[in-house]
Trainee: 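Have a look at the structure that comes next, please.
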Amino acid sequence: MKIKILMLLAGVLILTGCSNFRETSVSEDGEVRRLMTDNEGEVEIPADPERMVLMRPVDVLNAHLLDADIAAVTESVRGNEFVNEHLGDVSFIGEADFEAVRGVDPDLIVLSGQHMHRAEYGEIAPVISLNYNDEFFNSYGDRVYLMQLAKMGVILGEQEQAAALTDDWMERMTEHRRALTFDPAEHEAAVLVEGAEGFFIYDEFSAYGTEIMYDLLGFDVAGDFRGLREAEPFEQHPPAAFRDLGTDYVLVNKHPDTEAGDLAAELSAALSIPEARVLVVEAEDFITNDLISLEGQARIIIEKLE
């Protein structure tokens with residue numbers, strides 16, 4: 001009997017799409033919704049938030065897709081092409097700029113679960129802090145970015161719309177793959193992000209184009225690069241450190257002031273691969289991994305691969 005109960009519970013959690021993150025009740029007047037959250041336990045939020053502040057890049061355009069009313073977003077997406085295209089009048093706010101947050105008079109603030117200032121933000125408005133990738137039960141497997149869309153659907157009471165967007169994306173993934181004349185699954189690829197002193201190595205489902213390269217297109221993760229990342233997960237590596245590592249392609253997220261041609265030539269020489277296989281993109285445009293951004297990123301990367 002206990003086993004049957006546990007199996008039933010697991011099935012319920014999987015169907016919610018995002019584990020224990022769920023709506024628990026609605027007030028009698030319909031003005032307040034109660035959610036079970038990642039870190040705060042059960043919280044009360046407006047049933048229809050009108051001035052949301054979003055401090056995680058992944059949430060910004062996910063919320064827009066779900067017709068949210070957004071007052072301000074994280075400063076980290078100020079230069080993002082897709083955010084600026086869709087949210088022309090939004091305010092950008094730094095991580096600890098509490099006065100700026102008060103200035104937009106939010107009725108809900110969404111933060112990262114690792115944010116150091118949850119308590120301070122909680123004095124301004126109701127706060128939900130979200131974890132990124134530690135859900136045990138979910139219906140999206142390793143596709144963390146889809147789990148984040150599902151969570152925003154719960155926050156906004158738009159679970160069905162979020163599920164429909166996900167289904168539509170899964171169909172379009174197949175269409176995007178058909179644009180290529182070769183099979184990426186037969187090749188390895190690495191994803192790098194330019195830092196102040198070298199390059200960070202990014203693994204699957206970590207934004208910066210990893211969803212496009214590894215999930216949508218199906219490139220194999222370059223084993224040498226994964227090994228180096230696992231050994232030194234937070235290190236920045238100069239191009240010379242990649243000379244003995246094997247990969248067929250590399251996607252490189254660069255700073256705005258870095259010259260793309262010079263960067264491609266340098267990494268081509270270090271990796272002993274053709275420059276055409278060094279795909280240089282703007283890190284500011286690839287930091288986000290909502291579905292709007294992924295559509296745009298897919299077009300950019302596929303064009304470079306053709």
Side-chain angles (χ1 to χ4, degrees), residues 58 61 81-82 133 140-149 165-194 199-230 233 237 239 241-254 260-261 263-306:
V58 67
L61 289 178
E81 170 190 351
F82 310 111
N133 60 358
Y140 305 111
D142 292 329
R143 292 187 170 103
V144 183
Y145 65 102
L146 294 179
M147 184 171 64
Q148 301 309 307
L149 174 61
L165 288 167
T166 295
D167 291 343
D168 186 49
W169 166 251
M170 298 297 288
E171 292 181 8
R172 290 200 307 280
M173 285 177 66
T174 302
E175 296 173 7
H176 284 305
R177 290 190 192 104
R178 291 173 180 161
L180 294 180
T181 57
F182 70 99
D183 184 3
E186 296 178 356
H187 301 273
E188 288 191 334
V191 175
L192 305 179
V193 178
E194 186 180 13
F199 297 91
F200 296 98
I201 302 169
Y202 270 65
D203 209 346
E204 297 172 277
F205 307 108
S206 302
Y208 291 108
T210 56
E211 286 83 6
I212 305 303
M213 295 297 285
Y214 300 134
D215 189 27
L216 187 148
L217 296 177
F219 279 98
D220 194 17
V221 179
D224 289 348
F225 281 82
R226 170 171 276 175
L228 181 56
R229 181 185 181 277
E230 290 175 349
H237 306 278
F242 303 142
R243 290 194 182 278
D244 296 326
L245 305 186
T247 188
D248 301 311
Y249 289 84
V250 60
L251 178 69
V252 189
N253 291 263
K254 75 175 187 67
L263 183 57
E266 183 178 21
L267 286 168
S268 170
L271 293 166
S272 299
I273 61 176
E275 269 190 55
R277 293 192 175 193
V278 180
L279 316 176
V280 182
V281 298
E282 297 289 341
E284 289 184 312
D285 294 337
F286 278 69
I287 187 175
T288 46
N289 55 351
D290 56 86
L291 298 190
I292 290 176
S293 297
L294 296 185
E295 285 282 1
Q297 293 166 12
R299 289 192 296 270
I300 291 169
I301 293 174
I302 290 171
E303 183 176 336
K304 290 178 179 294
L305 288 168
E306 290 176 343

Trainee: Is the shortest heavy-atom distance from the side chain of L305 to the side chain of F182 under 4.5 Å?
Mentor: yes

Trainee: Looking only at non-hydrogen atoms, find the nearest pair between N289 and A207 and report the distance.
Mentor: ND2-N, 3.8 Å

Trainee: Looking only at heavy atoms, which two atoms of E188 and G223 are closest? And how far apart?
Mentor: OE2-N, 3.5 Å

Trainee: From M213 CE over to D220 CG, what is the distance, rounded to the nearest 0.5 angstrom?
Mentor: 11.5 Å

Trainee: Check for a donor-acceptor pair, side chain of S293 on one end and backbone N or O of L291 on the other, with a separation under 3.5 Å.
Mentor: no

Trainee: How about I212 and F286: do any of their side-chain heavy atoms sit closer than 4.5 Å?
Mentor: no

Trainee: Return yes if some donor-acceptor pair links the side-chain N/O of Y140 with the main-chain N/O of Y145 below 3.5 Å, else return no.
Mentor: no

Trainee: Would you indicate whether the side-chain heavy atoms of H237 and L228 approach each other to under 4.5 Å?
Mentor: yes

Trainee: So, using side-chain hydrogen bond (donor to acceptor under 3.5 Å, both in side chains) as the criterion, who are the partners of D248 when residues are at least two apart?
Mentor: none

Trainee: Please find the pair of heavy atoms, one from D224 and one from D244, that lie closest to each other, and give the distance.
Mentor: OD2-O, 4.0 Å

Trainee: Taking side chain as C-beta onward, heavy atoms only, is L149 less than 4.5 Å from D290?
Mentor: no

Trainee: Using atom types as modelled and distance alone, determine if a side-chain donor or acceptor of E211 lies under 3.5 Å from a backbone N or O of V144.
Mentor: no

Trainee: Does the separation of the ring centres of Y214 and F205 fall below 6.0 angstrom?
Mentor: no

Trainee: Counting N and O atoms only, with roles assigned by atom type, does the side chain of T288 sit under 3.5 Å from a partner on the main chain of V58, one being a donor and the other an acceptor?
Mentor: no

Trainee: Which value, rounded to the nearest 0.5 Å, describes the distance between N253 atom CG and E282 atom CD?
Mentor: 9.0 Å

Trainee: Check V221 against R226 and note the closest heavy-atom contact, atom names and distance.
Mentor: CG2-NH2, 3.7 Å

Trainee: Give the minimum heavy-atom separation between G209 and L251, together with the two atoms involved.
Mentor: CA-CD2, 3.8 Å

Trainee: Which distance, rounded to the nearest 0.5 Å, do you find between the CD1 of I301 and the CD of E303?
Mentor: 11.5 Å

Trainee: Considering all heavy atoms of both residues, which atom of D203 and which atom of S206 are nearest to each other, and what is their separation?
Mentor: O-OG, 3.2 Å

Trainee: Determine yes or no for a side-chain-to-main-chain donor-acceptor pair under 3.5 angstrom, with K254 supplying the side chain and E194 the backbone.
Mentor: no

Trainee: Can you list the residues that meet the ring pair (Phe, Tyr, Trp, His ring centres under 6.0 Å) rule with Y202, with sequence neighbours excluded?
Mentor: Y208

Trainee: Would you say the side chain of W169 lies within less than 4.5 Å of the side chain of L216, judging by non-hydrogen atoms?
Mentor: yes

Trainee: Out of curiosity, F225 CZ to L245 CG, how far, rounded to the nearest 0.5 Å?
Mentor: 5.0 Å

Trainee: Mind checking whether V281 and V252 have side chains closer than 4.5 Å, heavy atoms only?
Mentor: no

Trainee: I300 versus Q297: any side-chain heavy-atom pair under 4.5 Å?
Mentor: no

Trainee: Between L263 and V278, is the side-chain contact (heavy atoms from CB on, under 4.5 Å) condition met? List the steps.
Mentor: CA-CA 9 Å; L263 183 57; V278 180; over 6 Å; no

Trainee: Among residues at least two apart in sequence or on other chains, which ones pass side-chain contact (heavy atoms from CB on, under 4.5 Å) with R299?
Mentor: E295

Trainee: To the nearest 0.5 Å, how far apart are CD in E306 and NZ in K304?
Mentor: 12.0 Å

Trainee: Side-chain contact, heavy-atom cut-off 4.5 Å: M173 with D215?
Mentor: yes

